[in-house]
Structures are given as structure tokens and as C-alpha cells.
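Here is the structure we will look at, set down as C-alpha cells.
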Amino acid sequence: MSPEISSQSLWFLIIFVVIPLSVSYFYQLGLSRNVIVASLRGTVQLFAIGYILTYLFDLNAYIGIPLMVTVMLVVASFHARKKGKELPHVLPVIFGGLVLVEVSVLAMWLLFGMVEFIPSEVIPMSGMVIGNSMVAMGLALERMKSEFSENRGRLFAALSLGAEPKQASTLIVRRTLNAALIPNVDRIKTIGLVQLPGMMTGLILGGVEPIMAIKYQLVISLSIFSSVSLSAMFVTLIMYRHFFTENKQLLESEEAMLAYASNQEK
Amino acid sequence: MIEFRNVSHGPLRDISFTLQKQERAILFGPSGTGKSTLLFLFNRLKDPEEGEIFYNGKPLTDVPIIELRQKFGLLLQSPNLFPGTVLDNLKYGPSLTNSWRPGREKELLEYVQLSPEMKDRDVDHLSGGQQQRVSLARTLANEPEVLLLDEPTSALDDKTGEDIETVLKELIEQQGLTMVMVTHQMAQARRLGTNGLFMNEGTIEEHGKIPEMLEQPQSRALKEYLQG
């Protein structure tokens with residue numbers, strides 16, 4: 001395989017866009033505009049990040065890495081916040097959680113010499129960790145909200161029996177974490193059997209020996225596995241408290257939560 | 001024993017009444033008048049926006065909240081059992097204060113007329129009536145002084161509802177419990193209650209002895225409610 005894809009060959013990628021476009025057109029799915037916008041946006045974003053990365057990789061690691069990692073953390077925090085923007089203090093909690101995850105994982109990589117502190121290694125790998133943690137936090141928030149609303153009766157029952165909010169929420173926390181972690185466990189179980197993971201594929205295409213590619217893939221896969229678990233747990237264990245008042249009463253709506261939080265701040 | 005003094009919360013406006021020990025009060029009235037909200041104020045699942053509630057002469061807020069909730073047992077319309085076995089559910093309340101005595105399930109299941117062999121059954125495999133009985137037994141496990149019942153038989157068919165009602169009546173009489181029950185069924189109110197509080201548009205429109213209220217309603221709203 002040629003190590004480089006020519007710009008001319010890239011033009012033929014349009015065919016890959018035409019296929020979903022035709023499906024949408026023939027079945028009147030109304031997705032044509034979305035398909036075009038998504039493809040164009042994705043292409044522009046990727047090229048832009050390509051140029052930015054080229055620039056960052058040339059910078060001093062102590063400037064380039066913190067700069068890019070901070071941008072990723074901020075963007076990811078705002079994105080994950082959308083899943084729970086009605087909840088009080090959700091943005092600082094998500095940001096704090098992502099920082100914690102990134103710092104812990106990075107410390108592990110550097111401490112045990114799995115990754116070198118150079119932009120070309122730390123930035124893409126941190127991006128994968130932060131991106132997956134962002135998705136896990138968003139999923140956990142969504143799931144927690146729906147569990148709280150579906151289990152109102154059980155929560156009232158538990159509180160009435162004398163449970164503290166933490167005890168009353170045990171079931172919800174367990175179900176939320178389960179939902180956030182199960183896809184991850186499944187992914188690890190089938191890794192390499194169902195699909196060759198992205199990073200490994202990239203390295204092999206770039207000419208790296210498969211065994212070396214697998215080593216990198218193991219580092220990233222297990223790092224993601226642990227960061228997803230940590231971030232889902234962090235956001236769930238901190239946010240469930242906001243569903244209750246200090247008098248151990250259940251706040252029944254998101255509006256009530258916000259009103260209660262703003263009263264507490266006064 | 002329990003006194004509501006000028007309490008307002010949500011739809012409730014300026015509610016005042018006193019409930020004596022071993023009284024069996026029925027809260028009734030049109031939907032949306034705040035009956036369930038009123039019930040939740042007893043065990044502080046909600047706090048009044050205005051006014052105060054007293055329990056044995058002390059403001060409700062002076063009683064440690066967990067202790068208060070264990071004294072005021074609440075049974076809702078749906079059983080709201082926790083996943084697991086019947087025994088897991090029965091132990092839930094007492095285990096929170098490490099006061100569960102092994103073997104107590106037998107007595108609790110007897111109270112609600114369920115066989116002791118049911119203790120290991122998964123609650124998902126029980127019928128609606130059995131689940132509501134387990135829910136009642138779970139509430140009784142905390143040895144409450146007051147039972148707060150929010151339409152406990154309305155989600156069940158007539159026969160099962162009557163069975164639960166019989167269990168409740170026997171328990172309340174045997175154990176001398178104080179009871180506050182929300183119900184829309186006037187025959188049930190007559191069978192289980194001593195006093196009635198008729199609620200309309202967030203206020204207590206009329207109160208008194210149940211038979212008198214049902215036979216000689218004074219207010220126009222109560223007359224209309226009973227006719228309709």
C-alpha cells in the first residue's frame with residue numbers, strides 16, 4: 001500500500017458521500033442536507049486540525065501539550081454539559097472530572113514510560129481519552145436523569161423508610177454506572193476480533209509492525225477503559241446529590257433543582 | 001399529637017387541623033386539591049412554604065428527620081418495591097439503623113396475611129396484590145406510630161383492594177396506629193376512617209366524623225362531590 005494518499009484520490013471520496021445521499025433521496029429520509037453539511041464540516045474540521053497539529057508538533061512540548069489539552073478539555077466539557085445543562089453546577093463538575101481523568105492517565109503513561117512527553121504522542125492519545133470520557137459523562141448524565149424520573153416512587157419509598165439520599169440512590173447510581181460501563185466492557189471483549197481498533201489500523205497503515213501497533217493499542221484501549229469508568233463514576237457520584245435538598249427531600253423537576261441551587265448560593 | 005398551623009404549600013392554602021393519637025383520618029376531595037402533597041408534609045418529604053407543623057408539641061423540624069420518617073410509615077398507590085427478594089424489601093428500613101432482627105419476616109408476613117415461605121421470592125414474580133402487601137409489611141417493619149396511606153388500593157382490582165383493606169383495618173385496630181389515608185372511595189372511608197377532612201381548592205372545606213359528613217354534608221362543595 002502506498003504510504004501517502006494523493007490529493008487527487010481524495011476527490012473520489014465524494015462517491016462515499018453520494019451513496020448515503022442517494023439512500024436519503026430515494027427513501028425520502030430528509031437527511032440530504034445533514035449528510036452534505038456533516039461531510040463538509042467533517043472534512044474542514046479534519047484539515048484544520050491537521051494544520052493545527054502540524055504547528056503544535058513543532059512547538060515546545062511544554063507549551064504545545066498544555067495548550068491543546070486545555071482546548072480539548074474545554075470543548076469536551078461544553079459538549080458533555082448539553083446532556084445535563086438543566087442540572088446545577090454541571091459544567092465545573094464535568095470539567096473537573098475530565099481534568100482528573102486526563103491528569104491521572106497522563107501521569108500513568110509518563111511514569112511507566114508508555115508514552116513520551118512529546119506533542120505527537122500525548123495530543124492524539126489525550127484526545128482519545130478525553131473524547132471517550134466526554135461521551136461517557138454525557139451518557140451517565142442522561143441515564144441518571146431518566147432513572148431519577150422513572151424511579152420517583154421508589155425514591156419516595158426509600159426516603160420514607162429512613163434512607164439517606166445516598167442510600168436511596170444506590171439503585172440509580174448502580175444502574176447508571178452499569179449502563180455507562182457495559183458498552184465499554186463489550187468493546188474490550190471483542191477488540192481485535194470484530195474490528196481492528198482505529199489507532200492500531202492507523203499505525204499499521206503508517207508502516208508500523210503489527211506487534212508494536214498492538215502495544216500502542218493496548219495502552220490506549222485500557223487507558224480509555226479506565227478513564228471512561230472513572231469519568232462516569234465521578235459525574236454520577238457527584239451529580240446525584242443535586243437531586244435532593246439538604247433536608248433529604250427529592251427535587252422533582254429540573255426547574256426545582258435549579259431554583260434550589262440558586263437559593264443555596266444566595 | 002400532630003398539629004398543622006396555617007400551612008401553605010403548592011396547591012395547599014392556610015391549612016390548620018389537629019390529629020389525635022389513634023385517630024383515623026380520611027383525606028378526600030376532588031383531584032388536584034393537594035391531598036397527596038399534604039400527606040408528604042407529615043414525614044417531611046416536603047416542607048411547608050408557610051406555616052408550621054407540630055408533633056407532640058414540638059415543631060416537626062426539631063425531630064431528627066430519619067427518626068421522623070421511620071415513625072411515619074408511608075404506603076403509596078404503587079408498591080414501589082426494590083429489586084430483590086421479599087426479605088430484602090422487608091429488611092430495608094430496619095437495616096438502615098441496624099435494627100433488623102433475623103426471623104422477623106415471619107411476623108411481618110403474617111401481619112399482611114402472606115405465607116412465610118414467600119420471603120425468598122423475587123418481588124418481580126408477585127401479583128399486584130401480593131406486592132402491595134409486601135410494601136405494607138415493609139412499612140410496618142419500621143414499627144411506625146402513624147400510617148400515611150396514599151390511595152393504597154386504587155391500583156388494585158376490587159377483590160384484591162378489599163383484601164388489603166381488611167388487612168389494614170385489622171392492623172390499625174390491633175396495633176393502635178394513627179392513620180391518615182387519602183381515598184376517593186367513600187365506602188372505604190366509612191369502613192376505615194373515624195374522622196374526615198374534605199379538601200377543596202387547596203383548603204379544608206369541611207371536617208368532622210365520617211358518617212355525619214357523608215350523610216349530612218354541610219358545604220355545597222361536599223354535597224356536589226358526594227353526588228358526582
Side-chain angles (χ1 to χ4, degrees), chain A residues 88 143-182 236-237 240-266, chain B residues 9-10 36-37 39-48 60-61 63-84 88-100 123 131 134-144 146-150 155:
Chain A
R143 182 66 184 231
M144 188 163 51
K145 283 193 299 183
S146 72
E147 288 286 345
F148 265 98
S149 99
E150 278 167 29
N151 286 289
R152 266 182 72 234
R154 278 200 183 118
L155 287 160
F156 280 134
L159 292 173
S160 317
L161 290 166
E164 295 280 350
K166 187 180 176 186
Q167 294 162 322
S169 321
T170 309
L171 176 70
I172 287 173
V173 168
R174 200 184 297 152
R175 285 190 179 171
T176 304
L177 290 179
N178 218 17
L181 298 190
I182 291 252
T236 309
L237 292 182
Y240 86 85
R241 295 157 211 264
H242 294 292
F243 288 81
F244 299 92
T245 70
E246 60 181 8
N247 288 328
K248 309 175 201 304
Q249 292 156 342
L250 183 65
L251 288 163
E252 291 184 63
S253 66
E254 282 146 2
E255 293 77 32
M257 274 177 226
L258 280 178
Y260 181 75
S262 75
N263 275 337
Q264 292 294 96
E265 277 162 15
K266 278 178 198 161
Chain B
H9 183 100
S36 299
T37 307
L39 215 54
F40 281 14
L41 292 171
F42 278 92
N43 68 350
R44 296 194 61 205
L45 280 180
K46 292 183 191 298
D47 279 332
L60 212 56
T61 44
V63 185
I65 199 159
I66 300 292
E67 192 185 308
L68 178 86
R69 288 185 181 161
Q70 296 198 318
K71 278 185 179 153
F72 286 73
L74 174 71
L75 184 67
L76 298 165
Q77 197 173 340
S78 311
N80 294 305
L81 296 177
F82 308 127
D88 294 334
N89 275 272
L90 299 182
K91 280 163 73 172
Y92 189 88
S95 300
L96 297 168
T97 48
N98 295 320
S99 57
W100 174 256
V123 293
Q131 288 189 344
V134 173
S135 186
L136 175 60
R138 179 178 69 178
T139 305
L140 294 171
N142 272 345
E143 299 177 345
V146 181
L147 263 189
L148 307 168
L149 309 168
D150 192 4

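Just the heavy atoms: all of them, side chains too, but no hydrogens, waters or symmetry mates, feed the values below. This structure is a prediction, so every number in the text was calculated from the model and none was measured.
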To the nearest 0.5 Å, what is the distance between CD1 (B/Ile65) and CD (A/Gln249)? 5.5 Å
Region of B/Phe40 in contact with chain A, defined by heavy-atom distances below 4.5 Å: side chain
With a 4.5 angstrom heavy-atom cut-off, could you sort out which part of B/Tyr92 is near chain A: side chain, backbone, both or neither? side chain
Please output the residues of residues 157-164 of chain A in contact with chain B, using a heavy-atom cutoff of under 4.5 Å, in numerical order. A/Ala157, A/Ala158, A/Leu159, A/Ser160, A/Leu161, A/Gly162, A/Ala163, A/Glu164
Please find the pair of heavy atoms, one from [X] and one from [Y], that lie closest to each other, and give the distance.
X        : Y        : result
B/Leu76  : A/Gly153 : CD1-O, 3.9 Å
A/Arg154 : B/Leu81  : NE-O, 2.6 Å
B/Arg69  : A/Asn247 : NH2-O, 3.4 Å

Which residue pairs pass the salt bridge (charged side-chain N to carboxylate O under 4.0 Å, His left out) test with at least one member in residues 90-99 of chain B, sequence neighbours excluded? none
Options B/Leu148, B/Asn80, B/Thr97, ranked by heavy-atom pairs under 4.5 Å with chain A, top entry: B/Asn80
A/Arg175 versus chain B, the contacting section by heavy-atom distance below 4.5 Å: side chain
Is there side-chain contact between B/Ser95 and A/Gln167, with at least one heavy-atom pair below 4.5 Å? no
